[in-house]
Amino acid sequence: MSEQISKRYDPQAIEARRQAAWRARDAFQTPAVADGQPRKYIKPSAPFTSGNIHIGHVRSYSIGDTYARFSRARGDAVLFAFGFDAFGLPAELGAIASGESPSAWVSDCAAHMTGQLERLGFSFDWSRSFLSSDALMYRWSQWLFLTLLAHDLIYRDTGSVDWCEHCATTLATIQVEDGRCWRCHNPVQLIQRTQWYLRISAHVPENDLRLQELADSGIWDESSLASQRFVLGRVDGIELDLAAPDGATLTVFTPHSDALGQARFVAISPRHPEVERWVSDPAVFEQLEELRSVGLERDARNAEEIPLIDTGHTLPSPSTGEPLPVLVSPVVDGRFGATAVLGIPARDHTDALIAARLSLQVDDVVVSGGDAGEAGSTGESDGAGMNSGKDAGDSTGEHDAAPLIEGLRPAVRYRANDFSISRQRSWGTPIPIVHCDACGAVPVPFEQLPVLLPLDLKPTGAGNPLAERADFVQVDCPRCGGSAQRETDTLDCHFDALWLWIPACVPAEQRGRPLEEILALDDLRQWLPSERLVAGSDSGNFVFDQRIVTKALRDIGPLAFLADGEPFAGCLFHEMVIRDGRKMSKHLGNVVDPDELLASYGADTVRLATLYAARPQRSLNWSDSAVLRCHRFLTQVWEFSLTSLARAELRSVAEGADSEGCDSEGGEGADSEGDSKGAGAVAGSTAEREPARDTTEHLRLKLSTWCGAAVEKITEELESLEMHSAVRNLMRLFDRIKDFEKRVLARQPALSQADSDALIEALTLLAQLLGPFAPHLSEELWIAFGNEADTQTPWPGVSLPVTA
RNA sequence: GCCCGGGUGGCGGAAUCGGUAUACGCAGCGGACUUAAAAUCCGCGGCUCGCAAAGGGUAUGUGGGUUCGAGUCCCACCCCGGGCACCA
């Protein structure tokens, strides 16, 4: 075997050989789970079909793949597969630019990216990959839409969108340049439209509650938890009911339970269910309507700019009875959700700014740095927590030491809001709704799914190509049979993502079956929940909403087997790859091209470098020095291993005949043939004479201790996905192995048989430990060291069952 | 404005529980090998005073604090990056 392998490290040849072998033995096929075998569904992020893998993908999948390979080596059943997120605006723009249909564009992109990912050696089960734009996939989005709609978790409401009159189309934020259309440069206007919304509020408190369980489980990474807390936006405080002179009451909230006497106004969210009761004046109502239709300008979010409407009504202060003006402002939404709050300028920075705009008389403004109102309580969940009176000793709360106010009760508010899921675009999942003049909005019956999206759409940027297709739009009403029109809005990709973590659990050959049969599949159930999600830190919102919808589907029934309604048992959000301290972008010219790196150094080096350069939770500031370091490391491991192996083989050839046992350590008088440099060489056919006394046993013991420590440490680090430390320990182990040889040779001219055996054993262990990190090199060395080819290399100390 | 990260040599960055700051690599300098170059290997490198050696002084964004001891913990501040819901 070893003659076939060049001692020079040639990653291109090695990687081509290994990848061919993996394909031949279908190495990453998802196994059927055996009784008692741990199963792990490792969920990578779903890349958008942009056309190219970028270095951030390499980082993300290197972490996930290392964990997947480690898990297989320990004998776990592993499901590691993904799908492309193929719907969305960039696909339309790509199709416009290339003159293709979006479906052709995304399938070209997916094919190219798949080739890049295979070249990188990621161990995905490719038989399970998919595009979210496949009808077999998006019918699930339609099923989900109808299911949630039937349980009142989807509703219609109005919202505002950017509209270009000239192009007769809705524009996304990135299509608006300085207030003008990207295509025709005419001014953009905001218009009101009916939209579909996802109601998350019913499950938000449970998402909060479960967060503590996830934290206790220990397999949710701390920064992932923090991001979930941030999206949740929990604020603890108190609430009470205020009654206006005319009898109308309003429940108001505040986090500043100890400063009620310093309340100076009441602010209501424009989305508060009872807001209209407080805007009786037609002029004020008009302002409210305008506020709702215009939405929030990006630069008008801060307290100095944000719209305020004075309703002219007042409510009595909870402690003094003084009248407090009642305002309507979206400033409430961004901090506490669609609720009503007390404005306490003396304690709250934002409230102080608003009071200043209203020229309200305020007591001494003592704004504490803590500003508990901001939902920044990402630390401990009770960071802003204060049961009434908890902070009463605070010097700023002296005004109303403790007049007990009736009806005061602890309360919680969440910033997480319902969101719009419909888009006026042609390249998306069609919303399964038919609009009938007689019956209104009628859901398409489940058995008629999927509502197929025409594949030959040619978007131009103007109008809505889907709405212009009579063959799509004109249908009979499912209820009355009369003539009707299909909904021409499509679902936002965010909505597709709510289900898309599940299809990888369904074997490809089962995917065409009726939906209810797939939901009953054992295959589907045994892999859920996913053992670990590995995704970019920008996925926080997606994951939050996946957690919401999983709970909804548990309650409705399809996912009832997930008792806690959590899709991911564990989660790691990694940070992005940057360069020169900046996010990579073509504009800045600081993009790293994975293809070039692959051509120069090979996949093992590139993967190892992304793992080594920074801990996953930190941004990786790209520098070539990490690649050079890793390349040198792998080169040296390769050459040192094969050279040592060749010497050991020479030794056994030379000694094979005359020495009785391979551990024979007899012999006297050191032979002085070793040369000063590669002294480990066994000189020709002259057998080395072993020294009379074993002067290197302590070194072998030390080496063995080092090996044991490395296995222990690296195993722990892989379990907690601390890849950067694991790589450092691999490098350290290699240094120690080299050091062992150096020290032995400082004492005697050549390695004894026992030294040689110990060296080969340590190098074999190193090859084994490298498996999850540099899988191509690892497997070639593992075979070179005489182990069985074409099987999964086991983790040290693990014996894998022989699979037929 | 708000949220989350960061700030250590010429550069990327190490430093487990608060215990020899600057591991490892890049660049640089010196050497080996070579006709030469490239590649590879070995050695030396925080700054500063000192011809040099020996030996001092000083240093982890800034200013305080806790401690026998702080890159690490606490308080205040400065600067940089990322995010802030029709991009995914």
Side-chain angles (χ1 to χ4, degrees), chain A residues 45-50 84-93 132 159-163 170-176 193 195 223 226-227 229-231 233 295-296 298-306 331 333-335 349-350 353 369 371 373-379 415-425 428 489-490 492-494 496-497 535-542 544-545 573 575-576 578-583 609 612-615 617-633 635-636 639 677 713 716-717 722 724-725 727-728 731-732 735:
Chain A
S45 60
F48 174 68
T49 47
S50 61
F84 286 100
D85 185 9
F87 275 138
L89 176 66
E92 285 189 22
L93 298 179
S132 65
S160 60
V161 290
D162 285 314
W163 174 260
T170 300
L171 299 174
T173 305
I174 58 164
Q175 294 175 293
V176 179
R193 265 195 73 107
Q195 309 260 33
S223 64
S227 118
R229 289 192 193 101
F230 177 71
V231 177
L296 255 192
R298 194 160 280 261
D299 51 359
R301 281 187 198 159
N302 54 33
E304 289 92 338
E305 311 276 337
I306 205 156
V331 74
D333 299 66
R335 308 180 69 203
H349 184 65
T350 304
L353 293 170
D371 196 3
E374 284 315 321
S377 49
T378 47
R415 191 183 40 200
N417 280 328
D418 295 354
F419 54 92
S420 155
I421 54 171
S422 49
R423 298 289 181 266
Q424 295 75 52
R425 288 186 218 304
D489 277 10
T490 54
D492 180 22
C493 326
H494 191 102
D496 294 321
S537 60
D538 51 355
S539 317
N541 276 296
F542 285 82
F544 186 84
D545 296 325
F573 286 157
E575 269 300 331
M576 65 175 89
I578 60 175
R579 193 180 192 185
D580 308 324
R582 302 292 305 273
K583 196 173 172 176
Y612 163 80
R615 76 160 45 90
Q617 295 87 341
R618 273 182 65 164
S619 341
L620 192 170
N621 195 3
W622 186 262
S623 90
D624 294 336
S625 69
V627 180
L628 292 168
R629 164 86 172 119
C630 290
H631 192 247
R632 174 127 75 149
F633 169 65
T635 303
Q636 291 187 352
E639 291 173 359
K677 255 181 136 175
K713 202 96 177 74
E716 271 172 30
E717 285 158 348
E722 295 168 77
H724 63 303
S725 304
V727 177
R728 295 206 157 94
M731 292 175 169
R732 189 169 302 168
D735 286 343

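All values below were derived from every heavy atom in this structure, side-chain atoms included, with hydrogens, water molecules and symmetry-related copies excluded. Letters A, B, ... mirror the listed sequences (proteins, then strands); counts begin at 1.
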**Q.** A:R423 vs A:T170 side-chain heavy atoms within contact, under 4.5 Å
**A.** no

Q: May I have the distance from A:M576 (atom CE) to B:G81 (atom C1'), rounded to whole angstrom?
A: 9 Å

(Q) Can you list everything that forms a salt bridge (charged side-chain N to carboxylate O under 4.0 Å, His left out) with A:E717? Sequence neighbours excluded, please. (A) A:K713

**Q.** Spacing between A:I578 atom CD1 and B:C4 atom P, to the nearest angstrom
**A.** 19 Å

(Q) Before you tell me yes or no, could you show the steps for A:Q175 and A:L93 under side chain to side chain contact (heavy atoms under 4.5 Å, CB included), namely the whole-Å CA-CA distance, both residues' side-chain angles and the distance that decides it to 0.1 Å? (A) CA-CA 10 Å; A:Q175 294 175 293; A:L93 298 179; 4.0 Å; yes

Q: Please confirm whether the backbone N or O of A:A86 pairs with a side-chain atom of A:S132, one donor and one acceptor, at under 3.5 Å?
A: yes

Q: Considering only atom P, compute the distance from B:U8 to B:A15 and round it to an integer number of Å.
A: 15 Å

**Q.** Conformer about C1'-N of B:G9 - syn within 90° of 0, anti elsewhere
**A.** syn

Distances under 3.5 Å between nitrogen or oxygen atoms of protein and nucleotides 5-12 of chain B:
| from | atom 1 | to | atom 2 | distance (Å) |
| --- | --- | --- | --- | --- |
| B:G12 | O2' | A:S623 | OG | 3.1 |

Q. Using the C1' atom in both, what is the distance from B:C78 to B:G63, to the nearest Å?
A. 10 Å

Q | C1' gap between B:A27 and B:G13, integer Å | A | 14 Å

(Q) So A:E716, base contact, sugar-phosphate only, or nothing? Heavy-atom distance under 4.0 Å. (A) nothing

**Q.** Sugar-phosphate only, base, or nothing, as touched by A:D162 at under 4.0 Å among non-hydrogen atoms
**A.** nothing

(Q) Without decimals, in angstroms, what is the distance between A:K583 NZ and B:A88 C1'? (A) 10 Å

Q) With respect to the side chain of A:L89, which nucleotide from B:C86, B:A88, B:C26 is positioned closest? A) B:A88

Q: Take A:R732 and A:D735, find for each the nucleotide of RNA chain B with the closest heavy atom, and name the residue whose nucleotide sits nearer the 5' end.
A: A:R732

(Q) Rounding to an integer number of Å, can you tell me how far A:R335 CZ sits from B:C3 P? (A) 10 Å

Q) Is the base of B:G45 syn or anti, where syn means the angle lies within 90° of 0? A) syn

Q) Between A:F573 (CZ) and B:G83 (P), how many Å, whole number? A) 16 Å

Q.
Please determine whether side chain to side chain contact (heavy atoms under 4.5 Å, CB included) holds for the pair A:M731 and A:Q636, giving the CA-CA distance in whole Å, both sets of side-chain angles, and the decisive distance to 0.1 Å.
A. CA-CA 11 Å; A:M731 292 175 169; A:Q636 291 187 352; over 6 Å; no

Q | Base partner of B:C47, which must satisfy Watson-Crick or wobble distances under 3.5 Å | A | B:G57

Q. So which nucleotide from B:C26, B:C3, B:C87 ends up closest to the side chain of A:F230?
A. B:C3

Q) What distance, rounded to whole Å, do you find between the two P atoms, one in B:C79 and one in B:G10? A) 23 Å

Q: Send over the distance from A:L171 CG to B:C86 C1', rounded to a whole Å.
A: 10 Å

(Q) For the P atoms, the ones on B:G83 and on B:C74, what distance do you get once it is rounded to whole angstrom? (A) 28 Å

(Q) Can you see if the side chain of A:Q175 gets near the phosphate of B:C87 - specifically, an N or O under 4.0 Å from OP1 or OP2? (A) no

Q: Starting at atom CE of A:M731, determine the distance to atom P of B:G13, rounded to an integer number of angstrom.
A: 16 Å

Q.
Is there a side-chain contact between A:K713 and the phosphate of B:U16, meaning an N or O under 4.0 Å from OP1 or OP2?
A. no

Q: Report yes if some heavy atom in the side chain of A:H724 is under 4.5 Å from a heavy atom in the side chain of A:R618; otherwise report no.
A: no

Q | Torsion-based syn/anti label for B:C17, 90° from 0 as limit | A | syn

Q.
I want to verify a distance call: between B:G25, B:A88, B:C86, whose nearest atom is closest to the A:C493 side chain?
A. B:A88

(Q) Going by ring pair (Phe, Tyr, Trp, His ring centres under 6.0 Å), name the residues that satisfy it together with A:F542, two or more places apart in sequence or in a different chain. (A) A:H494

Check the interface with nucleotides 32-34 of chain B: list each N/O to N/O pair with the protein under 3.5 Å, or write none.
none

Q. Taking atom P of B:C87 as reference, at what distance in whole Å does atom CZ of A:R423 sit?
A. 8 Å

Q | Short side-chain to backbone donor-acceptor contact, A:R425 and A:D492, under 3.5 Å | A | no

Q: Please measure how far the C1' atom in B:U66 lies from the corresponding atom in B:A76, and state the result in whole Å.
A: 15 Å

Q.
Using the C1' atom as the point on both nucleotides, what is the distance between B:C80 and B:G19, in whole Å?
A. 31 Å

(Q) Looking at the base of B:C86, is there any donor atom on it, or on the side chain of A:R425, that sits under 3.5 Å from an acceptor on the other one? (A) yes

Q | Contacts of type ring pair (Phe, Tyr, Trp, His ring centres under 6.0 Å), residue A:F573, not counting sequence neighbours | A | none

Q. For A:R728 and B:G13, is the shortest distance between a side-chain N/O and OP1 or OP2 below 4.0 Å?
A. no

Q | Rounded distance in Å between the C1' positions of B:U48 and B:C41 | A | 33 Å

Q.
Does the structure show a Watson-Crick or G-U wobble partner for B:G69, both distances under 3.5 Å? Name it, or say none.
A. none

**Q.** Distance (rounded to the nearest 0.5 Å) between A:L620 CG and A:Y612 OH
**A.** 11.5 Å

Q | Paired nucleotide for B:A32 [Watson-Crick or G-U wobble; both distances under 3.5 Å] | A | B:U40

Q. Looking at side-chain heavy atoms only, is the closest gap between A:D538 and A:M576 below 4.5 Å?
A. no

(Q) Which residues pass the ring pair (Phe, Tyr, Trp, His ring centres under 6.0 Å) test with A:F633, not counting sequence neighbours? (A) A:F734

Q. Considering Watson-Crick and G-U wobble pairs with both distances under 3.5 Å, what does B:G5 pair with?
A. B:C80

